[in-house]
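A, B, ... follow the sequence lines: proteins, then strands. Residue 1 opens every chain. All of these numbers come straight from a predicted model, not from anything done at the bench. Side chains are part of it too, since the values below use all heavy atoms of this structure and drop only hydrogens, waters and symmetry mates.
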Number of protein chains: 4
Amino acid sequence: MTLGCPDRTGIVAAISGFIAEIGGWITEAAYHSDPQSGWFFTRQAVRADSVDLDVDDLRRRFGEVAAQIGPDTEWTLTDTGVEKSVVLLVSRDSHCLIDLLGRAERGEFPATIRAVVGNHPDLEDLTTRFGVPFHHVPFPADGKPAAFAALQKLVDGYTPDAIVLARFMQILPADLCQEWAGRAINIHHSFLPSFVGARPYHQAFDRGVKLIGATCHYVTADLDAGPIIEQDVSRINHDYSTADMVRQGRDIETLVLSRGVRWHLEDRVLVHGRKTVVFA
Amino acid sequence: MTLGCPDRTGIVAAISGFIAEIGGWITEAAYHSDPQSGWFFTRQAVRADSVDLDVDDLRRRFGEVAAQIGPDTEWTLTDTGVEKSVVLLVSRDSHCLIDLLGRAERGEFPATIRAVVGNHPDLEDLTTRFGVPFHHVPFPADGKPAAFAALQKLVDGYTPDAIVLARFMQILPADLCQEWAGRAINIHHSFLPSFVGARPYHQAFDRGVKLIGATCHYVTADLDAGPIIEQDVSRINHDYSTADMVRQGRDIETLVLSRGVRWHLEDRVLVHGRKTVVFA
Amino acid sequence: MTLGCPDRTGIVAAISGFIAEIGGWITEAAYHSDPQSGWFFTRQAVRADSVDLDVDDLRRRFGEVAAQIGPDTEWTLTDTGVEKSVVLLVSRDSHCLIDLLGRAERGEFPATIRAVVGNHPDLEDLTTRFGVPFHHVPFPADGKPAAFAALQKLVDGYTPDAIVLARFMQILPADLCQEWAGRAINIHHSFLPSFVGARPYHQAFDRGVKLIGATCHYVTADLDAGPIIEQDVSRINHDYSTADMVRQGRDIETLVLSRGVRWHLEDRVLVHGRKTVVFA
Amino acid sequence: MTLGCPDRTGIVAAISGFIAEIGGWITEAAYHSDPQSGWFFTRQAVRADSVDLDVDDLRRRFGEVAAQIGPDTEWTLTDTGVEKSVVLLVSRDSHCLIDLLGRAERGEFPATIRAVVGNHPDLEDLTTRFGVPFHHVPFPADGKPAAFAALQKLVDGYTPDAIVLARFMQILPADLCQEWAGRAINIHHSFLPSFVGARPYHQAFDRGVKLIGATCHYVTADLDAGPIIEQDVSRINHDYSTADMVRQGRDIETLVLSRGVRWHLEDRVLVHGRKTVVFA
C-alpha cells in the first residue's frame, strides 16, 4: 500500500495501528516527510498470508483509515499476487528491448510484457523470439495523428500498468501524455536537464562534458521535463567520439530504464507535482 | 531514539502510538526488518519542541514502551541539544585529520573534537592551529603496554562518544577494543575483506586490482574484522604506482571516514552482531 | 599491433619511425612503462588503407623491428578485417549469455559467437533463438574428467580466440587452464580478492559489506587468482538479502564481463605475469 | 612537454625520434587524435637527468622540431624543477580553501599557494593559519569595476600559473577573463550544462534530479560555459533538502576542483576551442 497526504502528527500511528489490528506482518516500510510541500508519503508491504481479509475488504477498511487521516489523502493498495501488464514502444535500437525482454523472462518484474509496438518493423524478429507479439505502426510524416490514434487503440487494448518508451523516437502528443499520465515511462539518453531534445550525445560531444548519462522519467506534455524516476552517469574522456558515447551510453540507458520500470511496477514510485518519491 | 528487538507484529504501532500520544512531530523515521536474524530496528527523530516532556521523563516513558515490546529490546534516546565529544588518534598522515578538523569547525558534526592524540608529534602543529589540544604518546617497541595504558587514561578523561582512529598506525590491544566497543572507529585503506593488515596499497598493486577502496568500521579484537559502517572505491589502472594509489586513496579514506563518523555521531548506526544497520 | 619488451630509450622512436616509413595513419596509440617490472608496453591501431603492404608483409617487417628492439620482445599484429571467434560456456544463469548474444548481434564485438556449451541444457532454447548452436555436455560427479575432455574437443573445434565462462559453474582442471591460457575469460561475482570460491554473495551478506562487485579475469590454475581484466562494484545496504544481491549483482557481472570480453577481442589487454595492462 | 597541431602521419616519429636522439627517458607519454577537428595532441614527460641539455637549449631544439611539424603547432615545455605559483579567490565557504591548503601543504601540487584573496574577510583566519597571506578586497555593489581592478593588480603581482576561483561568488568581467585565459579555473556546483548560474542546488531540488554534481572549468566570458576540465556526481534522493545537497555537494566540489587544479598544474590539460584534452 502507498499513501500520500498533508503531513501532521499521528499518521504513522494511524496506519501502523490499523496494520497491527488486522495482524499484518510488515515486510517493508518506508516513510518520507517533505518539509517544503508539507506532504507525507509512505509505502508499506504486508505479507498477504498474515492478514485474514480478502483484498476488497482490506481496501475498504484501509480506505476508511485514509479518510480519517484527511480528505486530501491519496492512496493505493495493490495485490502483488495479480500480475501487471506492460507494453513497450520501440523504434530501431535493440538494447533496451532485449534487456527488458530478458529480465521479464527471468522473472525480475512482477509483470508480463504483453506486446511490443514499433514505428519501424526492425525489431519484430527479436521480439517474437521471446514469444511476445509485435505490432508495426508506421509514423509517416504526413500521417502522425492517425498513427498516434492507432497506437493508442492498440496499447489501450492491453490495459497496461506501464507503457515503456524503450528508445521510441516519436514525441507523444499532449492528449496521449494526459491519457497515459503516471503510466508512460521514457528513457532519455542524457543526464537531464542537460541536453533536452534531439541527439543528446552529439550535444554532449560538442560541450565536452566528462560524464554522459541517462534519465528515466514519466512522460508529460513538456518534452523531457516529466518527473524523474532514476538517473545515472558513466565516465568518458576526450577520446570518445559520438559513436563511442552511443555505445557506452547504451549500458547506462539500459540500466536506468530497467530500474525505473521495476520500481514503477513494484509501486515504489510516488509522484507529487513535478517530482517523485522513490522508495527503492 | 533508536531501538532494536526481536521482530513481531505491532512494534511500529506501539512506538508510533506512543509518539503520537505525546504529540511528537517525527522528522525522520527509518525501519529495518532482518529476516535472517529475526530482528527489527528503527530510528526516529522527533522535534524536541513538539513534546512537552523533558528528556528524563521522555526516557522513562519510552523505557516503559520498550519494556512492553519485549525483554530483549535495546534502545537509546539521545538529546541532540547536548553536544557530543570526539577524540582523534593519529600518526603522521594528515589528510583525515585536517578533513575532520575542517568539518568540525564548519559544524558538519553534532560534536566537538576535544583532543587529538598522536603516537608521533608530527601533527601537533596542524592540530593546534584549529584550537584543539594535541597530546603526544610515544609507542616505543618495548613499551607498548604502558603506552596504551597512558593512551586509555588520556582518552577516557574526555569521556568521548567517539574515538576515531584517523590513520592511527597502532593496533589496539583486545582489552582496549572491549573497553571502547561501539565507540572506536577505524579507517582501513582497502575494500575489506580484501587486503587485511599492513600495506594494503602494496597488496593491491601486486594483485593488479582495478579499483582501490577504503573501509570505515568499528574496532574489535579481530584485526580489520569489526562491523563495517561504510565503504567506497575509486578506479585505478595499470598506470598507477603504489605512490599514485596512496595519493588517490587519501581522498577515498577521507570521505569514507567522515561519513562513518558523522553517521555514528548522529546515531544512525545500529550494531547487531558482526554487522551494522545504517539509517543514512 | 601490441608489443611488450624490457624498457629502454628509443623504443617509441623505433616503432613510430617504422609506422611513419610505411605511411601508416595511427588512429589509436597507447603506451605504458612499468617501473617495477622494467617493462614497456604499447598498442597501436593503424588504418589498413593507409598502408600499402599486405598483412603478411607487414607482419614480417614489424617482426624485424621487434627483433631489433630486443630478443625478449613479445608482439602481435592483428588484422581487424578478419573476424574473431568466441565460444561461451554456461550453466543455468541466463543474464550474461543473453547480454553477450545481444551485443554480438548488434555488432559490438569484432567477433562471432560460434557456439555455446552448457553443462545443463536449460539455456539451449535461449541460445538457438539467436541462431547460435548449443551443445550440452553433462558433468556428472563421477565423470568430470571425461566431460572436460569432451568439452575441450568441442571447444577446440572452433579454434576460438576467446573462451568465455559466462557464469559456468565448473572449475577448469589445470591442464585445460594451461591449454587455454590467455584465451579463457571468467566472471567471478565478487570484488576479488574478496570472497574467492563458492557463493560469494552469501559471503558478502555474512560480512556485511556495503558494496558488492564482480571481477573479469583470465582463468589460471589458481582458483579466482588469474590476471584481472576489469572490476566494478555496486552499492548495497543492510536492507539487501542475498536474493537482492544476486539480482543486483547480475547487472554488474554482465557489464564487467562484456567490457572484459570486448577489450580482449580488440587486443586491448596485454598480460604480464599476474597482471594486465588494459589500453581501454 | 605538450604539443598540439593539425594531424598528419609522422608526428609521433618526429617527436619520439628527437627524444631518442637526445637520450631522453620517457616516463609518461599520451597521445590523442581528434578526428573531428583534425588535430593531434600529445604530452610527454622526460626525466631531466636523462638529458644533457639545459632547459633553454632543450626548448630551442624542441622548437625546431615543432616548427618542422607545421606552422600551426602549439607547444609548451615545462621544467618541473621550477615550482609554479597559485592564487586562490574565495568568498565565505571554507571547504575548497581548506582542502587546497591541506593538499598544498602535504605536497600534492607541484606549486605553492602564494596568496588567498577574499571578497569577504571571513576566511582570513583559516588562511593565515597555513602561513599563506590573505588579502581582503571588498566588492560593494556600486564599486565593482574598481574592486576588479584592485583584484587584478593584486593577483598579477604574483604572476600566477593558476588563479583558482575556490567558490568565489563574483562573476569576472570579460576583460579579466581574457587576461587570465587558460589560467583562471572555476568550480561550479552543478553538473554543467545543467543549472547554470545562481543557486544550482536549489535548481536541482526543484527539478527533482537524482544526482548532484560539480564541474571544474576554465573561466571564459560566457558564464559557466568555459572548457570543462573535470566533472563528477553524487547520488541523492527525495529525502535530501537543499541544505543536505549543499553539505554533500561540498565533497564533490572539493574533489573535482582539486583534481582539475592538479591536472592543470601538471600540464595535463590541453585546451582546444571549447573543449579540453586531459591526459590524467
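Gly10(A) and Ala20(B) make their closest contact through CA-CB, 3.9 Å (heavy atoms, listed as atom of the first residue, atom of the second, distance). Of all heavy-atom pairs between Ser16(A) and Ser16(B), the closest is OG-OG, 2.7 Å.
Heavy atoms of Ser33(A) lying under 4.5 Å from chain B belong exclusively to its side chain.
Per-residue counts of heavy-atom pairs under 4.5 Å with chain B were compared for Asp7(A), Ile15(A), Ile11(A), Ile26(A); the largest is that of Asp7(A).
The environment of Asp54(A) atom CG is dense: over 12 non-hydrogen atoms of other residues, nucleotides or ligands sit within 6.0 angstrom. Counting heavy atoms of neighbouring residues, nucleotides and ligands inside a 6.0 Å radius, atom CZ of Arg47(A) does not exceed 12 of them. No more than 12 heavy atoms of other residues, nucleotides or ligands lie within 6.0 Å of CZ in Arg199(A), so this atom counts as exposed by the packing criterion.
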